[in-house]
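Some notes on the structure that comes next.
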Amino acid sequence: MRLARELGLILASLALAFGVGALVAQLSGLSPGAVYRELWRGAFGDQYRVFQTLTQATPIMFTSLSFLIAFRAGLFNIGAEGQMYLGAFFGAWAGFTLILPQYLHTVVALLVGALAGALWGFIPGWLRARRGTNEFVSTMMLSYVAIYFTSWLVSPRGPYHGTQWANQTVRILPSAELPRFVRGMQLHWGLVIAGLLCALFWYFLFRTPRGYELRAVGQNPRAAQYAGIDVSRAMILALTLAGALAGLGGAAEILGTHRRFIEFFSPGYGWDGIAGGLIARAHPLAVIPAAVLIGALRAGGMGMDRAGVAPSDFASVLQGIVIFFVVAPELFRIFRRIRRERRVLVHSQP
Amino acid sequence: MRKIALVLVGVVLAGLLGLGAGVPKIALILATGGLGDRSFNDQSYWGAERAAKELAERYGVPVEQIFSYVEPRSIADYEGYQREFARTGEYTIIVCIGFDQAPVLEEVAPDYPNQKFVVIDAVAAVDNVASVVFNDWEEAFLCGVVAGLWTKTNKVGMLGGMDIPLIRRFYQGFSQGARWANPAIKPEDVLVRYVGAWNDPTKGKELSLEMYQAGADVIYGAAGKSHLGVFAAAEENRGVWWAIGTDVDQSWSTPEHADVIIASGLKRVDLAVYTEIMKAVEGTWKPGVIVYGMVSESKIGTGIAVGKVDKFPPYVVASYSEVDIPDWILDKVVEAAKGILEGTIVIEHE
């Protein structure tokens, strides 16, 4: 019943978003019909395009899960972008430094990436749990630290400046590559890993005591504490897991798609994860369709640009409109909840 | 009889369609800066657009049918676009702008052995890629001539991005040009400082001020974004200190400094793009490293923007500079350009 209502709400939001998008297109002097036709074709037109959509959706699944796991514990992880960069760099580093047999190398590099991301989630988690530092601010700020730190690492004056002027590392060794499904397509096994993680985290959240504790802390930390749950530990665990997921996503993106760490490689997958997690209403399994929706908008936007029906800027505008409309109802709910909680807090003060 | 007539009609129709299929198609993948950068991307676009317009006229079809271009928003988008165009097999040639496309292209191009690619300002060692490079020292030589004749202190300087062979060749060209034009300048009067980064205008300015204060009154910048610092430094003593730009007419790309920029070396990316496209259409296209410059097979690709009128196009052309350059200097620049073309001036470089 709740599922049907949520689905209905999302579909209505989508319809509204595309309506507004059409209006904006019309006002910009573009043909809404052509824009949507190319958007659809770019996202689902043939096998290649579907694969492109899934390629774009893969990192978004990781970052959506990252946002979601913290959100379930009542925390906002706004720093998935930075955690992803750190994971991406150290995944690449393991990929070109270590000498290991095939497959094992990939697994190790992925784990190194996840570890780097986990560290970047642990710090704000620890600060939040032990020092009460607002994780919204700390994750976001640490995110910039990570993005520019990795940028420095591969800059001309940094230690891992690879080749040919561009700010990137050398290529990873073939043994560390995350294999692609089909030659000539970018889609790689990261998609399968992401899908499995969605299932795993569903199990973790809803079928294990640790997951229950985490959710209990998210729903009402004080009640959770009275019930004997270690709230600090749950918070640290949630943000560390969030960081690990984003870091793993970054490493997978490098080992599967780019094969080297490139400065500023992400077009905003970390931020997309916030939208993805909210569209999925923080449900791990719903992350899959949510990420595919955002991935489709990205791939479709590239299609629109290529077909010349709209400049690439318009694709971004359209993505923004759609994400805004689909996320907005959830945002209103969150704000309402926060306001209610504030009121309760104020009233309960002696 | 009717059957034969039908077959004939069919043959004629097929012939017409066949003609339609013979229309060449051009794809342009811009660098991440996108259109409107008043530099590389805009120049490349002009070159491709010029070719497309000529071809559209020749085949009597609209330009849009011939010319597709995309503006990738991040390096992560390159592979998707390169494959998108290549896999259709419809494009006569795919032009990739920017050195950071080369590593990706080296992985993509082998998957489409019959597709012709061009990459600008970088070398991708693949059998079906033409890698366009420029004789940078020629533009540097012409800039040296202007500097040598304009200086009142008989001391000039160059700000280089990095101490690497590419930039040392700029310096060698510049130094020889200055001394060719003005024998009073000794080799040690041509100062040089290397910033060590392409995007550090602040350090670029410091180093420029150091050279200006050491007596150099004209400084040539070959340091990417860093040499915006040269212009900023020259503004501090406007009318006494002067600057020279690189690759595009920087009085046009940074018009706020048109009062201190006396000339700009030119790297005619537009001509290279245009020529490579036309070669592909006409069947004379070759893969490998293709050199553009005065001393090259095509005899075009480098030059200088100086003075108010085109003195010797496409080598010595008009600039947007607000500084009046006397005719005797311009005549000497033309003489230098002719000398390089005819081989009476040989620029030594590593």
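Predicted, not measured: the structure shown is a model, and the values here were computed from it.
- Counting non-hydrogen atoms of neighbouring residues, nucleotides and ligands closer than 6.0 angstrom, the CD atom of E350(B) exceeds 12 such neighbours.
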Start with the C-alpha gap between D46(A) and R87(B), add the side-chain angles, then the distance that decides, and say whether salt bridge (charged side-chain N to carboxylate O under 4.0 Å, His left out) holds.
-> CA-CA 12 Å; D46(A) 54 34; R87(B) 76 189 187 96; 3.1 Å; yes
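- Put simply, of T257(A), D305(A), I262(A), the one with the most heavy-atom pairs under 4.5 Å next to chain B is D305(A).
- Residue W40(A) qualifies as open at atom CH2: its count of foreign heavy atoms under 6.0 Å is 12 or below.
- In this structure, the portion of F85(B) lying under 4.5 Å from any heavy atom of chain A is its side chain and not its backbone.
- Chosen from R183(A), R259(A), H258(A), Q52(A), the residue pairing most often with chain B at heavy-atom distances under 4.5 Å is R183(A).
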Candidate pair R83(B) and M185(A), rule side chain to side chain contact (heavy atoms under 4.5 Å, CB included), full reasoning = CA-CA 8 Å; R83(B) 289 189 187 279; M185(A) 306 249 184; over 6 Å; no
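- Rounding to the nearest 0.5 Å gives a distance of 3.5 Å between CD of E84(B) and CZ of R306(A).
- The number of heavy atoms from other shown groups lying within 6.0 Å of OH (Y148(A)) does not exceed 12.
- P103(B) approaches Q168(A) most closely through the heavy-atom pair CG-NE2, 3.1 Å.
- Taking 4.0 Å as the cut-off between side-chain N and carboxylate O, R260(A) and E79(B) do not count as a salt-bridged pair.
- Other residues, nucleotides and ligands contribute over 12 non-hydrogen atoms within 6.0 Å of the CH2 atom of W46(B).
- Of the atoms belonging to T55(A), not a single heavy atom falls under 4.5 Å from chain B.
- The contact between Y112(B) and chain A is made entirely by side chain atoms (from C-beta outward), counting heavy-atom distances below 4.5 Å.
- Considering OH of Y48(A) and OG1 of T88(B), their distance stands at 10.0 Å, rounded to 0.5 Å.
- The environment of CZ in F181(A) is crowded: more than 12 heavy-atom neighbours from other residues, nucleotides or ligands sit within 6.0 Å.
- From R298(A), atom CZ reaches atom CG of D77(B) across 8.0 Å, with rounding to the nearest 0.5 Å.
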